[in-house]
Every structure is written in structure tokens, then in C-alpha cells.
Amino acid sequence: MENLPRAPSSSTSASRSDGEGCLNGQNLLPIANVGRIMKDGLPPQAKISKRAKETIQECATEFISFVTGEASERCRRDRRKTVNGDDICHAMRTLGLDHYADAMHRYLQRYRESEELAASLNNGGGGASRGAIQIDVRDELSIFRGNNEQQDRNI
């Protein structure tokens with residue numbers, strides 16, 4: 001993996017958040033949301049320490065910033081101002097995250113299809129609530145497929 005952009009490195013003491021949702025001047029993902037996502041992947045009785053939530057919060061924030069930075073650079077080169085889903089997929093591939101890029105691309109396709117369906121239902125007088133479609137990105141990642149199948153069997 002040569003010539004790939006690298007995330008800015010920081011020392012352990014400088015990488016901790018300031019307690020106000022900032023990491024090195026960067027906004028962090030909300031800790032409650034991070035905890036909820038973590039809990040979804042664990043058995044109901046499992047506990048998650050505050051330190052574990054904070055660590056994942058920082059890692060997820062850094063990951064998102066890293067991928068978004070690469071996508072933003074592509075937009076800058078193309079003289080565009082808006083980062084879109086295709087830019088994110090391209091950035092993931094550029095960074096060697098092909099597995100995630102493929103899952104994101106499938107999710108993006110399904111999302112666009114659902115938006116088209118909802119728009120056609122709205123134009124046809126079907127109403128927004130009748131055309132609501134929910135898509136779960138976890139369906140697109142193989143690491144979750146076995147877990148979802150297990151949950152389906154338990155229902």
C-alpha cells in the first residue's frame with residue numbers, strides 16, 4: 001500500500017478528547033450514538049465500558065475524517081464543492097478499503113432506488129408514509145450477515 005494518504009498521527013496524550021466532544025479541535029461523533037451502535041452488535045446482557053466507547057468514538061471519527069478527506073480531495077481536483085456518495089466509494093477504494101466500498105456502493109444503489117420509489121409514490125398521491133422503505137447498511141457487510149441470519153432464526 002504505497003503512496004496512500006496517511007491519517008495525521010498524534011501522540012497518545014494529545015489524542016484524547018477534551019471532555020467536550022472535541023479531539024484535536026475536531027468534533028467527535030456523539031458518544032450516545034456510538035454506544036448504541038456498539039450495543040447492537042453485542043448480546044443484550046453485555047456491558048461496554050466508558051473507555052471502550054470513547055476509544056471507538058475517536059477511531060470512528062478519525063476513520064470518517066480520513067475517508068471524507070480523500071473524497072474531498074477528489075472533489076477539489078474535479079473543481080466541485082459537494083462530496084457525494086460516489087466520491088466516498090471512490091475514496092474507500094483509493095484507500096484500499098474495497099470491501100467497504102463495495103458494500104457502500106450496494107447500499108447507495110438501494111438507497112437511490114428507494115428514493116425513486118418514494119418520489120414516484122408521492123407524485124402518484126400515495127403519500128410519504130405509505131412509501132417508507134428502511135434500508136440497513138449492515139445487510140451489505142458480510143461481517144453482519146451471519147449475525148442477522150442468527151437473529152432471524154431467533155424470531
Practice task
Following the transitive rule for hydrophobic clusters with a side-chain heavy-atom cut-off under 4.5 Å over Ile, Leu, Val, Met, Phe, Trp and Tyr, establish whether Ile31 and Leu29 coincide in one cluster.
Solution key: no
Calculate, to the nearest 0.5 Å, the distance between atoms [atom1] and [atom2] belonging to [X] and [Y] respectively.
X      : Y      : atom1 : atom2 : answer
Cys59  : Ile56  : SG    : CD1   : 5.5 Å
Met38  : Gln57  : CE    : CD    : 10.5 Å
Glu70  : Thr94  : CD    : OG1   : 5.0 Å
Leu97  : Phe63  : CG    : CZ    : 5.0 Å
Ser114 : Leu121 : OG    : CG    : 11.0 Å
Cys75  : Glu73  : SG    : CD    : 9.5 Å

Exercise for the section: Applying salt bridge (Lys or Arg N to Asp or Glu O under 4.0 Å), name anything that partners Asp86, two or more places apart in sequence or on another chain. Expected result: Arg112
Exercise for the section: Return the set of residues passing salt bridge (Lys or Arg N to Asp or Glu O under 4.0 Å) with Arg36 (not counting sequence neighbours), or none when no residue passes. Expected result: none
Exercise for the section: Scan side-chain atoms only and decide if Arg76 and Ser72 contain a donor-acceptor pair under the 3.5 Å cut-off. Expected result: no
Heavy-atom closest contact ([X] atom, [Y] atom, distance):
X      : Y     : answer
Ala91  : Ala71 : CB-N, 3.6 Å
Ile48  : Ala52 : CG2-CB, 4.0 Å
Leu108 : Cys89 : CD2-SG, 4.4 Å
Val67  : Met92 : CG1-CG, 3.9 Å

Practice task
Answer yes when Asp98 and Arg93 have at least one side-chain N-carboxylate O distance shorter than 4.0 Å, and no when they do not.
Solution key: no
Practice task
Could you tell me whether the side chain of Asp87 and the main chain of Asn84 form a donor-acceptor pair under 3.5 Å?
Solution key: yes
Handout entry: Derivation and outcome, side-chain contact (heavy atoms from CB on, under 4.5 Å), residues Leu117 and Ser120
Key = CA-CA 5 Å; Leu117 178 61; Ser120 69; 4.0 Å; yes
Exercise for the section: Apply side-chain hydrogen bond (donor to acceptor under 3.5 Å, both in side chains) to the pair Arg51 and Thr55, showing each step before the final yes or no. Expected result: CA-CA 6 Å; Arg51 179 76 175 106; Thr55 301; 3.1 Å; yes
